[in-house]
Number of protein chains: 2
Amino acid sequence: MSNITIKKIAELAGVSSATVSRILNNTGRYSEETKERVLEIIRDYNYRTNVVAKSLRTNKSKTIGVIVPDITNEFFANIVLAIENYSVPNGYSIFICNTSEDHEKEKMFVRDLEAKGVDGIIYLSGNKQIPEQTTSKHLPTVCIDRNPGNKEIVVVESDNFSGGFIATEELIQQGCKRIVIIKDERDVSPMAERYRGYREALQKHGIPLDENLVVNVKVDVHEATKAVQHLISRGTAFDAIFACTDWLAIGAINALHQHQILIPDEVKIIGFDNISVAQHSYPPLTTVEQDKTKLGEIAAQILLDMIDQKKPQKQNIVLPVSLVKRNTTL
Amino acid sequence: MSNITIKKIAELAGVSSATVSRILNNTGRYSEETKERVLEIIRDYNYRTNVVAKSLRTNKSKTIGVIVPDITNEFFANIVLAIENYSVPNGYSIFICNTSEDHEKEKMFVRDLEAKGVDGIIYLSGNKQIPEQTTSKHLPTVCIDRNPGNKEIVVVESDNFSGGFIATEELIQQGCKRIVIIKDERDVSPMAERYRGYREALQKHGIPLDENLVVNVKVDVHEATKAVQHLISRGTAFDAIFACTDWLAIGAINALHQHQILIPDEVKIIGFDNISVAQHSYPPLTTVEQDKTKLGEIAAQILLDMIDQKKPQKQNIVLPVSLVKRNTTL
DNA sequence: ACTTTTTGGGTAATCGATTAACCAACAAAG
DNA sequence: CTTTGTTGGTTAATCGATTACCCAAAAAGT
C-alpha cells in the first residue's frame with residue numbers, strides 16, 4: 001500500500017521524474033504527446049503529489065496560520081470563516097490556533113507555526129503588542145482588528161472611531177443625556193478608538209464626559225451584568241448604554257431585565273459587532289455592524305499577495321461600519 | 001539568513017548530524033557530555049527542527065484535520081476548541097476545514113488533508129454517509145455527533161435518544177399534551193435519535209403521536225420562525241415546543257413573541273445543545289445540555305491513540321446529556 | 001552543407017531531517 | 001591473552017519532490 005510517487009509514474013510512462021514534475025507544474029518544456037500519456041497514468045493510478053516533499057524542496061507549504069483569541073466567539077469565527085473561504089480556493093490550508101488570550105500560548109503557537117513551515121500568519125490577537133518572538137521578521141504577517149503599533153505589520157480593521165461616534169450620536173439624537181459606555185478594561189486599540197468616538201460625539205453635542213458613566217470590565221457577559229447591577233445599586237442615573245461589544249450589551253440587558261427597567265423606554269442600548277445574538281436578543285439589539293467577512297477576506301487576500309510577492313501591500317485598511325437599528329433604540 | 005540546520009549544529013559541536021538527531025529525539029546512545037554541549041549550541045543558535053523535513057522522513061506530520069460544517073455555530077466551535085485544547089499540548093496542530101455542508105467541498109478537503117500528510121481526521125460532518133473518497137482507508141478517523149453507519153469508524157456522540165426523551169417527558173410532566181417537535185428535515189443520526197426519544201416519551205405517557213406537530217425544517221433560525229408562524233396561522237393548537245437545536249428554539253421564540261404568546265405560560269419550550277444564546281435569550285431557554293468539551297476531548301484522545309497505535313479503540317462512545325432548566329419551562 | 005537555435009527531456013544535486021549498518025575503543029570475563 | 005560486550009559515536013541511504021545543468025536530435029538560417 002506504499003504510495004505512488006512521482007518516480008513510479010515516471011517509470012510507468014517511460015520518462016524521467018523531472019519530466020513528470022515539469023508537466024505537473026507547467027514549467028519547462030515537454031511535448032503535448034508525453035503530457036497526455038503522463039497525465040493519463042497519473043489519473044489511472046490516482047497519483048497525488050506529496051505536499052510534504054514539495055514543501056521541503058520549495059520552502060513553501062501552501063499553509064497559513066490563524067491566531068485567534070477565542071474561536072467560540074462568533075465574531076472571530078466569522079472572520080476565520082472568511083479567511084478560509086478566500087484561502088482554500090487559492091490552494092491554502094489553514095492552521096487554527098486558539099490562544100484564549102494567553103500570551104505564552106501565543107508565543108508558542110508562533111514558534112510552532114514557524115517550525116511547521118507556514119507561509120504566513122494572520123493575527124487576531126488579544127495582545128496590545130505582538131510579541132517580539134513573533135515570526136514577523138521571517139514571515140509575512142497581517143493583523144486584523146488589532147493595531148499592534150508595529151509599523152512593519154499590515155493591519156486590517158474596522159473604523160472603530162466612527163463606530164463609537166455614530167452609536168453615541170444616535171443615542172444623543174434620541175434624547176439621551178447620560179450615556180454609559182461599557183468597554184474593555186484592557187487598552188486594546190479597537191476599544192480605545194470606540195471610546196474616542198464616544199467622547200468626540202459627546203463633545204460635539206456639548207455633553208460633558210462623566211467618569212462615573214465609563215465602566216471598564218473584562219469582556220464577558222456576566223461582567224457586564226454585574227457592572228450594570230452595580231451602577232444601578234449605586235444609584236447612578238443613566239438613560240442609555242453604549243456597549244463596546246454585543247456580548248457586553250447582552251449582559252447589560254440581562255441586568256436591566258432583572259431590575260424591570262424597560263428597554264428602550266427607560267434605557268436605550270447600542271452594541272457593537274452585529275453578531276447573531278444581537279438579532280435574537282430581547283429586545284433585538286441595535287448595534288454597530290462590522291463587516292466580518294470583508295475583514296477576513298481582505299486580510300487573507302493581502303497575506304496571499306505578500307506571500308506571492310505580488311505587491312508590497314504596505315498600507316493599512318480601515319473598513320467602514322454602519323448602524324443597524326433594532327429595538328433597543330427607538 | 002538561511003536557517004540553522006541540524007548539519008550546522010553538528011558541525012559546530014564537532015559531531016555528526018546523527019548524534020544531534022539522537023540527542024534531540026532521545027534515541028540511541030550518546031554521552032551526557034556531548035549532550036550538554038550540543039544542547040547548548042542548539043540554544044545559542046536558537047535551532048528549531050524543520051518539521052517538514054522530519055515529516056517527510058518519518059511520515060508523521062503531527063497534524064490532524066478537523067472537518068466541520070460551520071465553525072460559526074457555537075456548538076461546533078466549542079467542540080473544535082476542545083479538540084485543539086487536547087491536541088496542541090500533545091504536539092499536534094490542527095487544520096480547520098469548513099464545509100458549509102457541501103459534499104463536494106468535503107471530498108476536496110479530504111484529498112487535501114491526505115496530500116498535506118495529516119496523521120488523522122476528525123469529522124463533524126453534516127453528511128449522513130461519509131463519502132467513499134474519504135481518507136478512512138488510509139488514515140485514522142473519528143466522527144463526532146454523526147454516525148455514518150460505517151462500522152470501521154469510531155463515533156463519539158451524545159445520548160441523543162435520552163435527550164429527546166427527557167426533554168419531552170419534562171414537558172409532559174409540566175402538563176403539556178400537544179408538543180410540537182421541530183427538527184432537521186435531513187435524516188441525520190442525532191436528529192433521528194432525538195425524534196425517537198420524543199416518540200418514546202409520548203408513548204410512555206399515553207399521548208398519541210400527532211403528525212401535525214412534527215415539523216421538519218432546514219436547520220436555521222428563520223426557518224424555525226417561519227415554521228412556527230405557519231403552525232399558528234394554520235390554527236394548529238399546541239402547548240409546548242421541543243426544538244432539536246437551541247437556534248431552532250430561538251427561532252420559535254421569535255415567532256411566539258410576534259404573536260404575543262406568553263412563554264412559558266401559554267407555550268413551553270425546550271431546546272438542545274445548551275450554547276450561550278440559550279442562556280441569554282428572553283426568556284432564558286430550558287435546554288438539553290450536550291457536553292461539547294468532552295465530545296471534542298474524547299474524540300481527540302481516541303484519534304491520537306489510534307495514531308500512536310496505543311490501542312485499537314474500536315468501541316463507540318455515547319456521552320450522557322442532562323436537562324438544564326431555565327425560564328421557558330416552569 | 002555547415003552552423004545555430006529550438007525542442008524535448010535526462011542526470012543528479014538538493015531540501016533537512018531520521019536511521020540502519022557499521023566500527024573503534026575500551027572494559028569485563030574467561 | 002583472547003574473547004565478548006558495551007559505549008559513543010560515524011557514514012550514507014532515504015523520504016518525494018524540484019530544478020540547475022547538460023545533451024541529442026530536429027529545425028532553421030546562411
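The sequence lines fix the lettering, A, B, ..., with proteins before strands; numbering per chain opens at 1. Quantities reported herein were computed from a predicted structural model and do not represent experimental measurements.
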Non-neighbouring partners of A:S31 that pass side-chain contact (heavy atoms from CB on, under 4.5 Å), sequence neighbours left out: A:E33, A:T34
Interatomic distance, A:L56 CG vs C:dA13 P [rounded to whole Å]: 17 Å
Residue pair B:E104, B:K107: steps toward the salt bridge (charged side-chain N to carboxylate O under 4.0 Å, His left out) verdict: CA-CA 5 Å; B:E104 286 312 312; B:K107 286 187 207 168; 3.5 Å; yes
No-hydrogen, no-angle side-chain donor-acceptor test under 3.5 Å, A:N98 and B:E84: no
side-chain contact (heavy atoms from CB on, under 4.5 Å) between B:E74 and A:E74, intermediate numbers included: CA-CA 7 Å; B:E74 195 186 304; A:E74 197 187 302; over 6 Å; no
Helix axis bend for the helix from C:dA1-D:dT30 to C:dG30-D:dC1 - C1'-based end axes, five pairs, 10° rounding: 50°
Residues from residues 21-29 of chain A lying under 4.0 Å of DNA chain D - heavy atoms: A:S21, A:R22, A:N25
5' precedence on DNA chain D between B:T19 and B:A53 (nearest-nucleotide basis): B:T19
Full working for salt bridge (charged side-chain N to carboxylate O under 4.0 Å, His left out) between A:R186 and A:E101: CA-CA 12 Å; A:R186 298 168 312 166; A:E101 309 269 8; 2.9 Å; yes
Heavy-atom side-chain proximity of A:V156 to A:K294 below 4.5 angstrom: no
Interface with DNA chain D, restricted to residues 31-45 of chain B and to heavy atoms under 4.0 Å: B:S31, B:T34
Under 3.5 Å donor-acceptor, A:T19 side chain and A:V15 backbone: no
Sequence-distant partners of A:E32, side-chain contact (heavy atoms from CB on, under 4.5 Å), two or more places apart: A:K35, A:E36
Member of A:I96, A:T141, A:L124, A:V110 meeting the side-chain contact (heavy atoms from CB on, under 4.5 Å) criterion with A:I67: A:V110
Opening and closing nucleotides of DNA chain D in contact with chain A, under 4.0 Å to non-hydrogen atoms: D:dG16 to D:dC21
Side chains of A:K54 and A:N25, donor plus acceptor under 3.5 Å: yes
Sugar-phosphate only, base, or nothing, as touched by A:S16 at under 4.0 Å among non-hydrogen atoms: base
Candidate pair B:S93 and A:K116, rule side-chain hydrogen bond (donor to acceptor under 3.5 Å, both in side chains), full reasoning: CA-CA 9 Å; B:S93 302; A:K116 292 230 163 128; 2.8 Å; yes
Contact check, side chains of A:T99 and A:F109, non-hydrogen atoms, under 4.5 Å: yes
Touch class at under 4.0 angstrom, heavy-atom based, for B:T49 against every strand present: sugar-phosphate
Reported CG-to-CG distance for the pair A:D119 and A:L303, which is rounded to 0.5 angstrom: 8.5 Å
Sugar-phosphate only, base, or nothing, as touched by B:V15 at under 4.0 Å among non-hydrogen atoms: sugar-phosphate
